[in-house]
Protein chains: 2
Amino acid sequence: MDLREISRLLYQIKLAEQNVASSFERETGFSLTRYEMLQVVKERDVCSQREIKEEMRIDNAAITRHLKILEEKGYVVRERNAENHREMFVRVTEKAEQDLGHCERDEQANHLVLQALSDEEIHQLSGLLQKLNSHT
Amino acid sequence: MDLREISRLLYQIKLAEQNVASSFERETGFSLTRYEMLQVVKERDVCSQREIKEEMRIDNAAITRHLKILEEKGYVVRERNAENHREMFVRVTEKAEQDLGHCERDEQANHLVLQALSDEEIHQLSGLLQKLNSHT
DNA sequence: TTGTATCGTTTGACAAGTCAACGATTGATA
DNA sequence: TATCAATCGTTGACTTGTCAAACGATACAA
């Protein structure tokens, strides 16, 4: 297993990421990151940006900017935590719930990975990525 | 298998890509993309940017910019194809061969994926990614 | 009460990708 | 042969990530 083989594998991961992220956006209308972000917030009902950071392992700066965009689109509302004015509390709006639910029911989205891989393979892939990601 | 589960999986791929690319760069001193690019050129001895594009599935603009950087670092030389003045021919330099060989022999690089996954698992992962990437 | 450290977020500068528009060459064809 | 289309590469504008510096709270110690 030499470096060249490793770089080939890693480059395949890069390509997969690009393909997959752009397909997701094309088919759902949501950028993958912002979709995840909305779901993370929604699951917590209300949450701080620090929580988003910990859950998504993404830089603070990126969070600030994504939330700005989501706010402009009317998908989230933000307000300072009254008990700790350093924190911003984020909450998804009714509109976000609707639009998320809408593309949830959209069959098209299923064409993504499901077309390429069987359920068994998806499960395998998920396990391997988990291993890979936890070793960081 | 609903959309939320899919997005989780795709987001894992995104995280993996980020981890893996930055580890690679930290440990080899080469950005993953530029390392691949040098190898692709080296394997062909001389090649046009179109060939790089087809092999690496990367945008033309990105190639132009990476090659500019590689040229500045003295890793590649470029010259117009005398028979077709539209094409640029790229070639790696002696210095590139040396530096690539140097980090090839560097054990550190092996800590990357190899630490997280067994040979068998790497093989599995590679297969799954291949399937995923060919379905695009 | 007054520093000082820490926290949570924001901002700016950079990297690396995309797409779209352009320029120079080349090839095809009317 | 003159023109028109296709090819190859470059450039500019944009996206989305990073890191580092800055900033307004807050907490705590002297």
Side-chain angles (χ1 to χ4, degrees), chain A residues 10-11 13-26 29-38 41 46-73 76 78-90 136, chain B residues 10-11 13-26 29-38 41 46-73 76 78-90 136:
Chain A
L10 304 194
Y11 196 75
I13 297 179
K14 187 191 201 80
L15 288 181
E17 189 274 327
Q18 290 171 357
N19 289 337
V20 133
S22 75
S23 304
F24 186 90
E25 183 155 4
R26 188 173 351 102
F30 283 102
S31 104
L32 176 57
T33 301
R34 285 196 279 273
Y35 182 89
E36 266 304 290
M37 200 170 283
L38 285 175
V41 174
V46 56
C47 83
S48 70
Q49 297 187 197
R50 188 182 43 74
E51 287 177 278
I52 298 177
K53 178 199 170 99
E54 278 156 15
E55 173 80 17
M56 294 183 69
R57 311 238 238 121
I58 192 183
D59 193 271
N60 269 326
I63 296 176
T64 296
R65 284 157 195 154
H66 279 302
L67 288 179
K68 186 160 164 272
I69 292 171
L70 288 172
E71 205 171 22
E72 282 164 4
K73 292 189 178 169
V76 301
R78 298 192 310 152
E79 50 183 341
R80 293 218 166 270
N81 175 359
E83 274 117 52
N84 181 349
H85 278 249
R86 287 175 297 197
E87 274 187 343
M88 291 296 279
F89 275 163
V90 192
T136 307
Chain B
L10 305 193
Y11 195 76
I13 298 179
K14 187 191 201 81
L15 288 181
E17 190 274 326
Q18 290 171 358
N19 288 337
V20 132
S22 75
S23 304
F24 186 90
E25 182 155 5
R26 186 173 354 101
F30 283 102
S31 104
L32 176 57
T33 301
R34 285 197 280 274
Y35 182 89
E36 266 303 292
M37 199 170 283
L38 284 175
V41 174
V46 56
C47 83
S48 70
Q49 298 189 198
R50 186 181 45 73
E51 286 176 277
I52 298 177
K53 178 198 170 101
E54 279 157 14
E55 174 81 15
M56 294 184 68
R57 312 237 239 122
I58 192 184
D59 192 272
N60 268 328
I63 296 176
T64 296
R65 283 157 195 154
H66 279 301
L67 287 179
K68 186 159 163 274
I69 292 170
L70 289 172
E71 205 171 21
E72 282 164 4
K73 292 189 178 169
V76 300
R78 298 194 308 151
E79 51 183 339
R80 292 216 167 271
N81 175 359
E83 273 117 52
N84 180 349
H85 277 250
R86 287 176 298 198
E87 272 188 344
M88 291 296 280
F89 275 162
V90 191
T136 308

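Just so we're on the same page: letters track the sequence lines, and every chain starts at 1.
Remark: C1' of C:dC7 and NZ of A:K53 are 11 Å apart, rounded to the nearest angstrom. The separation between B:E25 atom CD and C:dA15 atom P is 11 Å, rounded to whole Å. For B:R26 and D:dT18, the CZ to C1' distance is 13 Å, given to the nearest whole Å. Across the protein-nucleic acid pair, A:M88 atom CE and C:dT10 atom C1' stand 10 Å apart, rounded to whole Å. We find that CE of B:M56 is positioned 8 Å from P of C:dG17, with the value rounded to whole Å. Per the geometry, CD belonging to B:E87 stands 14 Å off C1' belonging to C:dA24, to the nearest Å. Rounded to an integer number of Å, the gap from CZ of B:R57 to P of C:dA16 is 21 Å. Rounded to whole angstrom, the span from the NE2 atom of B:H66 across to the P atom of D:dG9 amounts to 16 Å.
Rounding to the nearest 0.5 Å gives a distance of 12.0 Å between CD of B:Q18 and CD1 of A:I13. In this structure, A:T64 OG1 and A:R78 CZ are separated by 6.5 Å, a value rounded to the nearest 0.5 Å.
Note on A:T33: a side-chain N or O is less than 4.0 Å away from OP1 or OP2 of D:dG17. For A:R78, a side-chain nitrogen or oxygen approaches OP1 or OP2 of C:dT10 to under 4.0 Å. For D:dG17, one of the phosphate oxygens OP1 or OP2 lies less than 4.0 angstrom from a side-chain nitrogen or oxygen of B:K14. Phosphate proximity of C:dA16 to B:R34: present, with a side-chain N or O under 4.0 Å from OP1 or OP2. For A:R65, no side-chain nitrogen or oxygen approaches OP1 or OP2 of C:dG12 to under 4.0 Å. OP1 or OP2 of C:dT26 has not a single side-chain nitrogen or oxygen of B:R86 nearer than 4.0 Å.
Closest to the A:Q49 side chain, of the nucleotides D:dT10, C:dT9, D:dT18, is C:dT9. Closest approach to the A:D59 side chain among C:dT9, D:dC8, D:dT18 is made by D:dT18 (side chain taken as heavy atoms from C-beta onward). Closest to the B:H85 side chain, of the nucleotides C:dA16, C:dT10, C:dT26, is C:dT26. With distances taken from any side-chain atom of A:N60 to the nucleotides C:dG17, C:dT10, C:dA16, the minimum falls on C:dT10. For B:A61, the listed nucleotide lying nearest its side chain is C:dC19; candidates were D:dT18, C:dC19, D:dT16. The side chain of B:N84 approaches C:dT26 more closely than any other nucleotide in the set C:dT26, D:dT16, C:dT18.
Nearest approach of A:V90 to A:V41, heavy atoms of both residues: O-CG1, 3.7 Å.
A salt bridge links A:E87 to A:R50: at least one charged side-chain nitrogen sits closer than 4.0 Å to a carboxylate oxygen.
Using a 4.0 Å heavy-atom criterion, one finds that B:R80 contacts no nucleic acid atom at all. Across all strands, A:I58 comes closer than 4.0 Å only to sugar-phosphate atoms, never to a base (heavy-atom distances).
Here the side chain of A:E25 pairs no donor or acceptor atom with the backbone of A:S22 at under 3.5 angstrom.
Two rings, from A:Y35 and A:F24, have their centers less than 6.0 Å apart.
Taking the nucleotide of DNA chain C with the nearest heavy atom to each of A:I63 and B:E83, the more 5' of the two is matched to A:I63.
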